[in-house]
Amino acid sequence: MKGFPEDFNWGVATSSYQIEGAAFEDGRGESIWDRFCATPGKVANSEDGLTACDHYHRFEEDIQIMKQLGVTTYRFSMAWPRMFPKGDSVREQRGFDFYDRLINELLANGIKPLPTLYHWDLPQTLQDKGGWANRATVDAFAQYAAAAVEAFGDRVTEWLTLNEPWCVTWLGYMNGVHAPGVKNLDHALAAAHHTALAHAEASRAMRAVRSDLRIGLALNMTTYRIEDESDKDLAELGDLMDAQLNRWWIQAFLTGSYPENLMKIHEARLGNIILPGDLERLKVQTDILGVNYYSDSFIGLPRAEDKPLIEEGLFPFPHRMNGSAPGPYTDMGWPVTPVGLEELLLRIARDWPEIEDIAITENGAAYDYQPDESGEVNDIRRIEYLLSHLEAAGRAIEKGAPLKSYYAWSLMDNFEWAEGYNKRFGLVHVDFKTLKRTIKNSGKAYSEVIAASSRALARN
Ligand code: IFM
């Protein structure tokens with residue numbers, strides 16, 4: 001694969017609630033996703049993460065699969081309610097012990113761990129007090145982050161704080177399709193600010209324990225494509241969406257400010273949320289920018305029946321998301337747009353030259369391929385998706401993007417949040433009845449890319 005340097009990190013990614021299962025074992029507390037899944041009508045087929053891939057009991061087997069794939073690094077998340085069941089200062093040692101075993105097993109197999117501290121499983125007790133809309137969650141998160149570094153910082157030097165704070169904020173607190181299912185603009189704006197503050201405060205708390213850490217966060221990012229550039233409303237809308245998704249958290253940690261267009265639209269509300277001194281506190285050394293990229297987003301001209309997406313004034317113009325997107329599409333209905341990844345990486349390099357280490361912390365596609373009679377899973381469209389995105393990433397490196405790592409989403413089929421188990425993103429097939437794992441042909445293709453890259457390394 002062209003473009004990738006010798007020391008490139010080749011990884012796979014997962015998250016705790018999506019794979020671990022053992023939801024109430026060894027003292028783990030209830031998370032907002034346990035509560036959300038138990039609420040009728042929230043998740044497809046009323047599915048939940050109670051068992052998921054049972055990774056909690058099968059992590060050794062899963063690490064052997066990673067070894068077989070040849071990955072050099074593994075991005076996973078720690079479940080906050082496993083370690084602090086109520087989100088306060090009372091620890092559950094058995095939760096810490098699980099991650100201790102996981103990390104040691106990874107290291108023993110030559111795989112570098114990259115933990116994410118928050119991939120959406122907030123302790124329910126914190127949500128009962130407002131969750132990310134409550135400022136107190138910022139301090140609770142910083143304490144949890146520091147405790148994780150105290151426990152594992154001797155072996156783990158790279159950390160991510162939050163995964164996709166845009167989803168936490170806008171899917172969790174505005175349109176309510178994710179846990180905790182709140183629909184309230186004030187809560188959403190508070191979550192947008194508190195997650196940015198949480199990244200900064202947690203980073204400082206972690207560095208106070210160990211100064212040698214490299215810390216980042218993972219943002220879902222996209223390139224917005226506007227159907228008609230001459231349409232002023234659509235162009236303004238594109239800029240608002242770009243600010244809300246791509247710029248909010250980056251601008252916060254780099255400059256201690258938020259995009260002006262959003263500050264203006266939400267002036268009155270944000271005035272009550274952002275307290276004196278907060279903006280300065282947002283700015284924090286961030287060593288790794290994790291980019292979760294799946295597809296470009298297409299903002300189309302409205303049809304007669306289209307209405308403003310959010311009445312309260314966030315997206316004030318009627319439009320049609322992805323209406324103008326070219327195919328093909330994945331099972332999520334997301335367009336396949338590999339060139340967009342190259343453009344996004346080059347945009348990051350151009351707009352934020354201070355960022356010296358980009359990791360693609362997630363990239364992948366949902367396609368439902370099952371084992372054939374011989375047991376083989378020939379997921380040809382996933383192979384095409386994977387290779388075309390890797391080629392795009394390689395071109396971006398050649399043109400100067402400081403991309404250091406790639407994590408395929410996901411190691412294995414898992415619980416895809418509100419979509420349940422129907423949307424399969426794995427390089428490894430999981431039979432959710434027997435929990436049998438089968439490496440798909442995409443997993444084998446990825447493995448060949450990694451092997452070819454290490455052969456190139458050996459030749460030099
Ligand atoms: O499964 C999710 C993951 O948890 C966060 N990023 C997007 C993935 C696919 O939807």
Side-chain angles (χ1 to χ4, degrees), residues 11-21 31-34 36-37 42-44 47-49 52-53 55 74-80 114-122 132 160-172 175 177-180 191 195 216-222 245-246 249 289-297 321-322 329-337 340-341 344 359-368 379 381-382 385-386 389 405-430 432 442:
V12 285
T14 64
S15 88
S16 47
Y17 193 75
Q18 294 180 273
I19 64 163
E20 282 181 3
S31 81
I32 55 174
W33 272 94
D34 297 305
F36 193 70
C37 293
K42 298 295 186 193
V43 173
E47 287 167 337
D48 56 46
C53 306
H55 172 77
Y74 173 47
R75 173 178 178 232
F76 61 98
S77 76
M78 293 181 172
W80 186 350
L114 177 67
T116 304
L117 287 161
Y118 186 73
H119 197 126
W120 305 356
D121 35 8
L122 186 75
W132 287 107
L160 301 177
T161 55
L162 302 167
N163 181 67
E164 299 182 356
W166 183 91
C167 295
V168 173
T169 298
W170 298 105
L171 304 185
N175 72 14
V177 298
H178 277 188
T195 50
L217 80 177
L219 303 177
N220 48 315
M221 298 183 76
T222 190
L245 180 84
N246 292 324
W249 287 273
L289 175 67
V291 175
N292 295 357
Y293 178 84
Y294 289 88
S295 73
D296 288 349
S297 304
M321 267 329 268
N322 283 345
Y329 299 88
T330 69
D331 284 359
M332 295 294 278
W334 298 343
V336 179
T337 54
L341 175 60
L344 177 62
I360 295 174
T361 34
E362 289 181 24
N363 175 239
Y367 293 116
D368 186 8
D379 53 341
R381 283 177 298 164
R382 184 174 292 98
Y385 181 99
L386 175 74
H389 284 77
S405 321
Y406 177 91
Y407 294 83
W409 184 270
S410 177
L411 168 65
M412 56 189 159
D413 296 336
N414 58 46
F415 176 72
E416 178 52 28
W417 308 112
E419 304 285 343
Y421 291 95
N422 272 343
K423 301 289 187 282
R424 292 175 175 269
F425 277 89
L427 298 180
V428 174
H429 179 271
V430 177
F432 290 108
S442 58

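Atoms within a ligand are numbered from 1 in the order they appear, just like the ligands themselves. What's counted below: heavy atoms across the whole structure, side chains too, no hydrogens, waters or symmetry copies. For the single chain, residues carry numbers from 1 onward in sequence order.
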Enquirer: Where is the tightest heavy-atom contact between Leu219 and Leu289, given as atom of each residue plus distance?
Expert: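 Of all heavy-atom pairs spanning Leu219 and Leu289, the closest is CD1-CD1, 3.8 Å.
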
Enquirer: Between Asp368 and Arg424 (salt bridge meaning N to carboxylate O under 4.0 Å), is one present in this structure?
Expert: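 A salt bridge is present here (some side-chain N lies under 4.0 Å from a carboxylate O).
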
Enquirer: Under the side chain to side chain donor-acceptor pair (under 3.5 Å) test against Asn363, which residue among Tyr293, Tyr406, Tyr407 passes?
Expert: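 That would be Tyr406.
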
Enquirer: Does ligand 1 have any N/O atom under 3.5 Å from a protein N/O, and what are those pairs and their distances?
Expert:
{"residue": "ligand 1", "atom": "1 (O)", "partner": "Gln18", "partner atom": "NE2", "Å": "2.9"}
{"residue": "ligand 1", "atom": "1 (O)", "partner": "Trp409", "partner atom": "NE1", "Å": "3.3"}
{"residue": "ligand 1", "atom": "1 (O)", "partner": "Glu416", "partner atom": "OE1", "Å": "2.6"}
{"residue": "ligand 1", "atom": "4 (O)", "partner": "Gln18", "partner atom": "OE1", "Å": "2.7"}
{"residue": "ligand 1", "atom": "4 (O)", "partner": "His119", "partner atom": "NE2", "Å": "2.8"}
{"residue": "ligand 1", "atom": "4 (O)", "partner": "Trp417", "partner atom": "NE1", "Å": "2.8"}
{"residue": "ligand 1", "atom": "6 (N)", "partner": "Glu164", "partner atom": "OE1", "Å": "3.2"}
{"residue": "ligand 1", "atom": "6 (N)", "partner": "Glu164", "partner atom": "OE2", "Å": "2.7"}
{"residue": "ligand 1", "atom": "6 (N)", "partner": "Glu362", "partner atom": "OE1", "Å": "2.5"}
{"residue": "ligand 1", "atom": "10 (O)", "partner": "Glu416", "partner atom": "OE2", "Å": "2.6"}

Enquirer: Evaluate the ring planes of His389 and Tyr385, with Trp represented by its six-membered ring, and classify them as parallel (under 30°), tilted (30 to 60°) or perpendicular (over 60°).
Expert: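 Rings of His389 and Tyr385: parallel, as their planes differ by under 30°.
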
Enquirer: Partners of Asp48 by side chain to side chain donor-acceptor pair (under 3.5 Å), sequence neighbours excluded?
Expert: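 With neighbours one apart ignored, the set is empty.
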
Enquirer: About how many Å separate CG of Leu386 and CH2 of Trp409, when rounded to the nearest 0.5 Å?
Expert: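 If we round to the nearest 0.5 Å, Trp409:CH2 and Leu386:CG are 15.5 Å apart.
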
